Amino acid sequence: MYMVYWTEYDDGGEGGHAVAHGRSFGSEEMGAALKFMEELRARQRDGERICFVAMSSENPDSVGKPGVADPSPDYDWKKRRR
């Protein structure tokens with residue numbers, strides 16, 4: 001799965017208000033996500049108040065849990081070189 005995130009500013013004058021947006025894409029839609037990001041960047045280049053265009057992915061078939069944690073007690077990694 002892919003998520004594209006971006007921020008748009010309203011026309012509230014000086015500073016304005018930031019409005020965060022997100023759009024999801026399926027696991028097989030990476031090309032569509034990248035194309036959408038480029039469309040957002042083209043709008044940004046044309047002067048629209050868009051910033052922080054970013055993509056994040058998450059593999060639903062991942063074998064491990066997301067994030068950082070201590071290894072399980074049965075984990076026994078050893079460095080080969082010394």
Side-chain angles (χ1 to χ4, degrees):
M1 299 178 67
Y2 300 97
M3 285 291 295
V4 173
Y5 299 100
W6 71 99
T7 301
E8 293 185 46
Y9 287 90
D10 65 12
D11 292 330
E14 186 73 25
H17 292 93
V19 181
H21 298 276
R23 180 172 164 187
S24 64
F25 294 85
S27 296
E28 68 289 342
E29 296 181 295
M30 182 179 185
L34 292 170
K35 181 179 178 187
F36 180 67
M37 290 175 66
E38 186 51 35
E39 291 169 4
L40 290 170
R41 290 185 177 122
R43 289 172 50 194
Q44 183 183 41
R45 286 189 297 272
D46 288 340
E48 289 190 47
R49 297 183 69 194
I50 296 173
C51 58
F52 301 108
V53 178
M55 181 171 67
S56 179
S57 65
E58 186 169 302
N59 184 350
D61 299 320
S62 179
V63 295
K65 295 179 182 177
V68 178
D70 290 328
S72 63
D74 62 337
Y75 183 75
D76 188 29
W77 180 83
K78 292 186 173 47
K79 186 173 182 177
R80 288 183 167 173
R81 292 178 276 165
R82 199 155 178 192

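In this text the structure is predicted, and so the values were computed from the model without any measurement. Along the sequence shown, residues are numbered consecutively beginning with 1.
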Note to self: Restricting to non-hydrogen atoms, name the atom on Tyr5 and the atom on Gly22 that form the minimum distance, rounded to 0.1 Å.
What the structure shows: CD2-CA, 4.1 Å
Notebook entry, point to check: Same hydrophobic cluster for Tyr9 and Ile50, using side-chain heavy-atom links shorter than 4.5 Å among ILVMFWY?
Noted result: no
Check: Less than 4.0 Å between a side-chain N and a carboxylate O, is that true for Glu29 and Lys35?
Finding: no
Next item on the list: Could you tell me the separation between the CD atom of Gln44 and the CZ atom of Phe52, rounded to the nearest 0.5 Å?
Entry: 10.0 Å
Margin query: Does Glu28 have more than 12 heavy atoms from other residues, nucleotides or ligands lying within 6.0 Å of its CD?
Written below: yes
Note to self: Rounded at 0.5 Å granularity, tell me how far CZ in Arg23 sits from CH2 in Trp6.
What the structure shows: 7.0 Å
Item checked: Pairwise distance OG(Ser24) to OH(Tyr2) - rounded to 0.5 angstrom -> 13.0 Å
Notebook entry, point to check: Between atom CZ of Arg45 and atom CG of Leu40, what is the distance when rounded to the nearest 0.5 Å?
Noted result: 10.5 Å
Check: When rounded to the nearest 0.5 angstrom, what is the spacing between CZ in Arg49 and OG1 in Thr7?
Finding: 11.5 Å
Check: Honestly curious: do Leu34 and Val53 fall in one hydrophobic cluster under the side-chain, below-4.5 Å linking rule?
Finding: yes
Margin query: For the CE atom of Met3 and the CZ atom of Phe25, what is their distance to the nearest 0.5 Å?
Written below: 9.0 Å
